[in-house]
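Here the structure is laid out as structure tokens; the discussion comes afterwards.
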Amino acid sequence: MAGYSRIYCIGGEGGFLGADGINPIDFQILVGDADRQWLEVRYFNSDIRPMGKVEVIIPAGPDHPDALIDACMAFFPEYFESCPSLTPVVEALGNASRIDFHLDGEPSGWAQLREEARSLFKHLIIYEAKLNKVNG
């Protein structure tokens, strides 16, 4: 059986005077679990685009410590545009619709991009929620 187990909301903070938490939500990353874990994106801000045509990433393993930063880079590359390795990585991916770290390993240049992106990633506003069934 496959299903979603977690969701990350990424966006701004304090969009309204006195508001706490995240507002607005620019996009969500859904974490799915089956024989392998996957992360996919849902956009609320139509100005945000993924790398090429990437719709899903499969981490190297379940709950891999780099899964979230990898997903943010794949689904929100413009945020990381100051990273020198971004353009070559995007070009190397071409029109790929998924990045499979489990079976294919890291795309060319990805490890370098990830290291360049870590300081930027720390400043993203991200909330996490575990999904639990509430009835029946």
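Below, all heavy atoms of this structure are taken into account, side chains as well, without hydrogens, waters or symmetry copies.
- Taking 4.5 Å as the limit, some side-chain heavy atom of Q37 sits within range of a side-chain heavy atom of V31.
- Between N135 and K133, the shortest heavy-atom contact is O-CE, 2.9 Å.
- Hydrophobic clustering (ILVMFWY, side-chain heavy atoms < 4.5 Å, transitive): V90 and F101 are in one cluster.
- Residues S46 and R49 come closest through the heavy atom pair O-NH1, 3.0 Å.
- Here the side chains of W110 and D70 are in contact, with some heavy-atom distance below 4.5 Å.
- The distance from the CZ atom of F44 to the SG atom of C9 is 7.5 Å, given to the nearest 0.5 Å.
- Applying the side-chain hydrogen bond (donor to acceptor under 3.5 Å, both in side chains) criterion to D104, with sequence neighbours excluded, gives no partner residue.
- Taking 4.5 Å as the limit, every side-chain heavy atom of N45 sits out of range of all side-chain heavy atoms of P24.
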List, one per line, each side-chain donor-acceptor pair under 3.5 Å for residues 71-82, sequence neighbours excluded.
| residue | atom | partner | partner atom | Å |
| --- | --- | --- | --- | --- |
| Y79 | OH | L120 | O | 2.9 |

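- Grouping the Ile, Leu, Val, Met, Phe, Trp and Tyr side chains by contacts below 4.5 angstrom, directly or via other members, places I58 apart from I69.
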- Query: R6 and Y4: side-chain hydrogen bond (donor to acceptor under 3.5 Å, both in side chains), yes or no, with the steps?
  - Reply: CA-CA 6 Å; R6 191 172 335 137; Y4 299 108; over 6 Å; no

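- Annotation: the span from L113 atom CG to L86 atom CG amounts to 5.5 Å, rounded to 0.5 Å.
- Side chains of L30 and R42 form a contact here, defined as non-hydrogen atoms less than 4.5 Å apart.
- Residues Y8 and V41 form no side-chain contact, since every pair of their non-hydrogen atoms from C-beta on lies 4.5 Å or further apart.
- Residues I57 and Y43 are members of one and the same hydrophobic cluster, defined by side-chain heavy-atom contacts under 4.5 angstrom among Ile, Leu, Val, Met, Phe, Trp and Tyr.
- Rounding to the nearest 0.5 angstrom, the gap separating the CD1 atom in I10 from the CD atom in E128 is 10.5 Å.
- Looking only at side-chain heavy atoms (C-beta outward), F27 and I29 come within less than 4.5 Å of each other.
- At a threshold of 4.5 Å between side-chain heavy atoms, the hydrophobic network of Ile, Leu, Val, Met, Phe, Trp and Tyr places I48 and L68 in one connected group.
- L39 and M51 fall within a single hydrophobic cluster, where Ile, Leu, Val, Met, Phe, Trp and Tyr are joined by side-chain heavy atoms under 4.5 Å apart, directly or via other members.
- A 4.5 Å side-chain heavy-atom check between V54 and R98 finds every atom pair outside the cut-off.
- In this structure, the side chains of P107 and L93 come closer than 4.5 Å at one or more pairs of heavy atoms.
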- Task: Could you walk me through whether L131 and I7 pass the side-chain contact (heavy atoms from CB on, under 4.5 Å) test, one step at a time?
- Result: CA-CA 7 Å; L131 301 176; I7 187 170; 4.1 Å; yes

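- Going from atom NZ of K53 over to atom OG of S97 covers 9.0 Å, rounded to the nearest 0.5 Å.
- Sequence neighbours left out, the pairs with a member in residues 115-125 that pass side-chain hydrogen bond (donor to acceptor under 3.5 Å, both in side chains) are D66-R118, S85-E116, Q112-E116, E115-R118.
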